Amino acid sequence: MSAVITTIDTLLVDLPTIRPHKLSMTTMACQSMVIVRLRDSDGVEGLGEGTTIGGLAYGPESPESIKRNIDTYLAPLLIGQPASNLNALRARLNRHARGNMIAKSALETALLDAQGKRQGLPVAELLGGARQTHLPVLWTLASGDTQRDIDEAFQRLDDRRHCDFKLKIGANPVAQDVAHVAAIKAALGDRASVRVDVNQAWDEATAVRGIAALQEAGIDLIEQPIPAREHAGLIRLANRFRVPMLADEAVQDARDGFELAAAGFSGAYALKIAKSGGLYGVLELAHVAQAAGIGLYGGTLLEGSIGTAASLHAWATLPELAWGSEMFGPLLLKDDIVSQPLDYREFGVALPRGPGLGITLDEDKLAHYSRKD
Ligand code: MUC
Ligand code: MG
């Protein structure tokens, strides 16, 4: 008889960051993640992670709402169902629960991990097979201090850890942000690609001024300069400047990706399993982007090792990520809850091996960092 889903437990885990991480809408000192442990009637356990940035600063789901909505609404839809028909389970969740993409992503990750373990296959193989096993990873400079960011960048270049850098801007007046970015780019020169993420902080007129100066300073990519829903404005900016635009908050799923491309956007899309409700949804978006000639970028909501591994299994199935990836979440955290950390080297990260996600929990660390409410 095929296995059914028997229990789904969720835990809130708070891990401190190695330094303050400053974005336009929040400064993080710790990352909070919801860890999902799903068990099936054949004894197989699947792990998942649902993580966002800064409570409600990034989007409508908070760590606490993700946990509560899984416990109250989503887990009961899955308990007792056959564990291996992922398409049917995904349709069931989407039919009975709107939105809650991060929570759905955490559950889908756990279902895929369990299915991979059951079949003795890595998640990338369940998704058709890996086309790359070492993925490029950039680093985000976001200490809030120009000299500290420059020192951090040189350290990572010297360690052969990262050679592309993303700068978080938008919290300060545009002239101050531009001076900060230009100083970092001037210090790094041709040794590194420097990009910026404005996280929706500018209006279009400010974006025109800011992007003109950033293009002049040699910046390679401008991420989400204006609010997510201003698709027409993003298209105007993409047409106006030589430096490409990266749509992040503007594209959640395949439908957004289709609409933006059909309306004339050129540039790149940031893929995030959390935005698209899981690995299947994010690959649908990737395939729409590929059909429209839009570049791909493997994005993160600063997940820990479980969410990062899940994303890597999805990105590995794609032929090419024109803009690489930012799957550095675990490196921003002081500690980890897995027994074997991801293998970061040579400016990238290795796709984990082994069945499922290829990740094992460190139960002591998990207990230590779990929120005790
Ligand atoms: C975002 O908006 O891209 C990715 C890297 C980082 O530092 O923040 C995230 C979120
Ligand atoms: Mg972004």
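Each ligand, and each atom within it, is numbered from 1 in the order the structure gives. These figures come from a predicted structure and were not determined experimentally.
H21 and R19 form a side-chain donor-acceptor contact under 3.5 Å, judged by distance and modelled atom types alone. For the residue pair T206 / D203, a side-chain donor-acceptor distance below 3.5 Å is found, with atom types taken as modelled. Under 3.5 Å, the side chains of D151 and Q155 contain no donor-acceptor pair of N or O atoms.
For D197, the N/O/S atom at the shortest distance from the Mg ion (ligand 2) is named OD2. Residue-level check: among N/O/S atoms of D248, OD2 sits closest to the Mg ion (ligand 2). E223 has its closest N, O or S atom to the Mg ion (ligand 2) at the position named OE2.
Annotation for Q340: atom CD does not count as buried by contact number, only 12 or fewer foreign heavy atoms lying within 6.0 Å. For CD of Q81, the number of neighbouring non-hydrogen atoms (other residues, nucleotides, ligands) closer than 6.0 Å is greater than 12.
Checked against a 3.5 angstrom limit, the closest N/O atoms of N199 and ligand 1 fall inside it.
Atoms of ligand 1 lying under 4.0 Å from any heavy atom of H21, numbered from 1 in the order shown and given with element: 6 (C), 7 (O). Counting atoms of ligand 1 from 1 in the listed order, those under 4.0 Å from a heavy atom of T140 are 5 (C), 6 (C), 7 (O). Heavy-atom proximity to D197, at under 4.0 Å, picks out these atoms of ligand 1: 1 (C), 2 (O), 3 (O). Which parts of ligand 1 touch D248 is read off a 4.0 Å heavy-atom cut-off, strictly below it: atoms 1 (C), 2 (O), 3 (O). Atom numbering of ligand 1 starts at 1 in the shown order; those under 4.0 Å from a heavy atom of I53 are 8 (O), 9 (C), 10 (C).
Of all the heavy atoms of F328, the ones lying under 4.0 Å from any atom of ligand 1 belong exclusively to the side chain. Of the heavy atoms in Q200, none comes closer than 4.0 Å to ligand 1. Of the heavy atoms in K166, only side-chain atoms (C-beta onward) come closer than 4.0 Å to ligand 1. The proximity of L302 to ligand 1, defined as any non-hydrogen pair under 4.0 Å, is limited to the side chain.
With S32 as reference, D14 is the one residue of D14, T51, T52 to meet the side-chain hydrogen bond (donor to acceptor under 3.5 Å, both in side chains) rule.
Taking atom 4 (C) of ligand 1 as the reference point, the nearest protein heavy-atom neighbour is E326 OE2, 3.3 Å.
Under a hydrophobic clustering in which Ile, Leu, Val, Met, Phe, Trp and Tyr are joined whenever their side-chain heavy atoms come within less than 4.5 Å, directly or via other members, I53 and L271 fall into the same cluster.
A 4.5 Å side-chain heavy-atom check between L351 and W315 finds every atom pair outside the cut-off. Side-chain contact check for V178 versus L214: some heavy-atom pair is nearer than 4.5 Å.
Note on D9 versus R37: no salt bridge recorded, every NZ/NE/NH1/NH2 to OD/OE distance being 4.0 Å or above.
In the candidate list M327, M28, K168, K168 is nearest to atom 8 (O) of ligand 1, counting heavy atoms.
Ligand 1 has E223 within reach: a non-hydrogen atom of the residue lies less than 4.0 Å from it.
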